Amino acid sequence: MLRRKYLVGAMSVLTTLTIVGGQQADAAAAKSTKGNRAGYSSFSSCDTFLKYVRPVALDAVGPYGFNSNYGGPRTTVKKSSSPPNTAAPAAPEPVEEPASQDSAGGTSTTNVQEAGVDEGDLVETDGRIVYAVIGNLITVTDTETGKLLPPIQLANTQGDSQLILDNKRLAVVSNTFSNLGGESIVAVYDVTDPANLRRLHTTHLEGSVIATRSVGNRARLVVSTSFGQRVAQKFPDPGQINSQKDADKATEANKKIIRTAPASDWLPRKYVERADGSVSPLETALPCGQIGRPADPSGLGLTWVATVDLDLPNASPVVRGAAGVIATGGITYASPDTLYVTTQQYFRGGRPSNAKVTTEVHAFNMLVADGARWIASGRFTGTLLSQYSMSEYDGALRVATTRNDAGFGGTLESGVQNLMLDSANRTKLKVVSERWGLGTNERVYAVRFVGPIGYVVTFRQVDPLYVLD
């Protein structure tokens, strides 16, 4: 019989962390956190941006473009000065959801992890009108009359679109593919009259939305744009590379592109599709000065935050880039005040057997006027299961992770770590307490943080190997 072990932890934000039925983390464990940090700095100009990305890209490029494990898929993207036509799409990551909660008005709300933080969902309702994503259609249902109102027809998207309903505005976020590569489409509708929905504007962003969160009247989209998508690389036809000399020649051609590509060729772009059908020129979505970099390479691409204002009275486009980091984005979590985006350190040629698996986390303040601003970064041991592996409480970020420092076939161990702003460096998130030993040779299977208490389920799955004559 497969067994499950349920562990309940009290998540203290002090310098110790206790487990019900266990003991405090010892002094040796506390000392191990001293070197656990992540450096972060923003670029003062596009010149400093290029001085960073070019050497990293030169190290990663080969005869067929950027390494597919470092910067996204190897896809040929033709540069275009005009807005594209959409074609086939890209599916968003499925998100596990908790049970729904009831609102004071008697209408159940959609599922969210944190109170006050709306998440992109398949269904949104104001208590009477229900908007639901079904394929490339958004159905509109009046629950009082039972009538189906005229739906919204979407473009050819891949995967389910995400909805954010805020008062009289409905934002529809979709992923697709175009000659820009991976593309996100953000359409904002006026739903004052549900029987006659009015599209105010549509913004096309270069990159794929990996998470959508909304606080107050402003939505934040976490977008991932690979440099492999932006910088036009050369891809030899099959059969053209028959020797190392051919491979070196093709690699050098790609390196020449990297050495000469201006900053505008690396940055994500956007354009606006207006309600009257006209489109704006392509423009840079995020300037160099709003981009930062982690201490260690974390992927050859940009993970950035786009903000969508949903409370403006006019129909002017309100989608803009706010802040970003050079990294391949991963799991995202948001509290009412702060957005956390995790990244993984990249090891060229694979992770060495003696290298510790760590996760970097970047915190963005969501209360600033421009929608998002980087405030701190940190690093913790192990990897996360999902967004529910993170939780903010009383000034601390709590993370439940699994580590396997011995490499493939080594011993698994799970634990919980608390990170807080370093008093000596207010831009660094520092591990201040940790507790390991939650299931030897087991990994985190499910997590829920409720107030000061954390619930962690670990699980062991064994796959036998049978050898038959």
Side-chain angles (χ1 to χ4, degrees), residues 83-95 109-112 117-126 129-142 148-178 180 182-215 217-223 270-277 279 285 305-312 314-320 371:
N85 294 320
T86 58
E93 188 75 13
V95 177
T109 63
T110 52
N111 296 333
V112 294
V117 183
D118 196 10
E119 303 181 16
D121 211 334
L122 299 176
V123 176
E124 288 280 18
T125 181
D126 61 4
I129 306 299
V130 175
Y131 305 90
V133 177
I134 302 178
N136 288 332
L137 202 69
I138 298 177
T139 61
V140 184
T141 306
D142 187 332
L148 286 175
L149 303 178
I152 299 174
Q153 180 67 54
L154 302 177
N156 184 25
T157 61
Q158 180 175 351
D160 292 319
S161 298
Q162 301 177 52
L163 305 179
I164 292 287
L165 180 64
D166 189 291
N167 198 12
K168 298 302 180 182
R169 297 285 189 271
L170 177 69
V172 183
V173 182
S174 307
N175 282 329
T176 187
F177 277 122
S178 71
L180 288 181
E183 181 182 328
S184 300
I185 303 174
V186 186
V188 178
Y189 293 84
D190 184 337
V191 294
T192 304
D193 181 2
N196 297 282
L197 301 182
R198 184 166 61 96
R199 183 171 65 89
L200 301 178
H201 53 80
T202 301
T203 304
H204 297 249
L205 305 173
E206 204 162 29
S208 298
V209 171
I210 59 176
T212 303
R213 299 291 185 272
S214 180
V215 178
N217 302 113
R218 181 176 283 166
R220 278 84 173 178
L221 314 177
V222 181
V223 187
K270 69 174 183 177
Y271 74 92
V272 175
E273 180 185 346
R274 305 182 185 93
D276 61 6
V279 295
V305 181
T307 65
V308 186
D309 290 310
L310 298 172
D311 59 344
L312 297 185
N314 54 44
S316 61
V318 289
V319 183
R320 62 184 183 276

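As the structure is a prediction and not an experimental result, all values here were calculated from the model. All heavy atoms count here, side chains included; hydrogens, waters and symmetry mates do not.
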Distance (rounded to the nearest 0.5 Å) between [X] [atom1] and [Y] [atom2]:
X: Ser184; Y: His204; atom1: OG; atom2: NE2; result: 10.5 Å
X: Glu273; Y: Thr203; atom1: CD; atom2: OG1; result: 9.5 Å
X: Asp166; Y: Leu170; atom1: CG; atom2: CG; result: 10.0 Å
X: Glu124; Y: Gln162; atom1: CD; atom2: CD; result: 10.5 Å
X: Ile164; Y: Asp118; atom1: CD1; atom2: CG; result: 4.0 Å
X: Asp121; Y: Ser214; atom1: CG; atom2: OG; result: 12.5 Å

Pairwise side-chain contact, [X] with [Y], heavy-atom cut-off 4.5 Å (strictly under):
X: Asn175; Y: Val209; value: yes
X: Asp142; Y: Ile129; value: yes
X: Val272; Y: Arg274; value: yes
X: Leu310; Y: Arg218; value: no
X: Asp311; Y: Asn167; value: no
X: Leu221; Y: Val186; value: yes

Requested in this report: Give the C-alpha distance, both sets of side-chain angles, the deciding distance and a yes or no for side-chain contact (heavy atoms from CB on, under 4.5 Å) between Arg213 and Glu119.
Outcome: CA-CA 5 Å; Arg213 299 291 185 272; Glu119 303 181 16; 3.8 Å; yes

Heavy-atom pair with the smallest gap, counting every atom of [X] and [Y]:
X: Val305; Y: Arg220; value: CG1-CG, 3.8 Å
X: Lys168; Y: Thr192; value: CB-OG1, 3.9 Å
X: Val140; Y: Pro151; value: CG2-CA, 4.4 Å

**Report entry** salt bridge (Lys or Arg N to Asp or Glu O under 4.0 Å) assessment of Asp309 paired with Arg320
**Finding:** CA-CA 9 Å; Asp309 290 310; Arg320 62 184 183 276; 2.8 Å; yes

Requested in this report: May I have the step-by-step check of side-chain contact (heavy atoms from CB on, under 4.5 Å) for Leu165 and Thr125, ending in yes or no?
Outcome: CA-CA 7 Å; Leu165 180 64; Thr125 181; 5.6 Å; no

Report task. Begin with the C-alpha distance, continue with both residues' side-chain angles, and end with the deciding distance and a verdict on side-chain contact (heavy atoms from CB on, under 4.5 Å) for Leu154 and Ser161. Result -> CA-CA 9 Å; Leu154 302 177; Ser161 298; 3.3 Å; yes

Requested in this report: Output, in order, the C-alpha distance, side-chain angles, deciding distance and verdict of side-chain contact (heavy atoms from CB on, under 4.5 Å) for Tyr131 and Val172.
Outcome: CA-CA 10 Å; Tyr131 305 90; Val172 183; over 6 Å; no

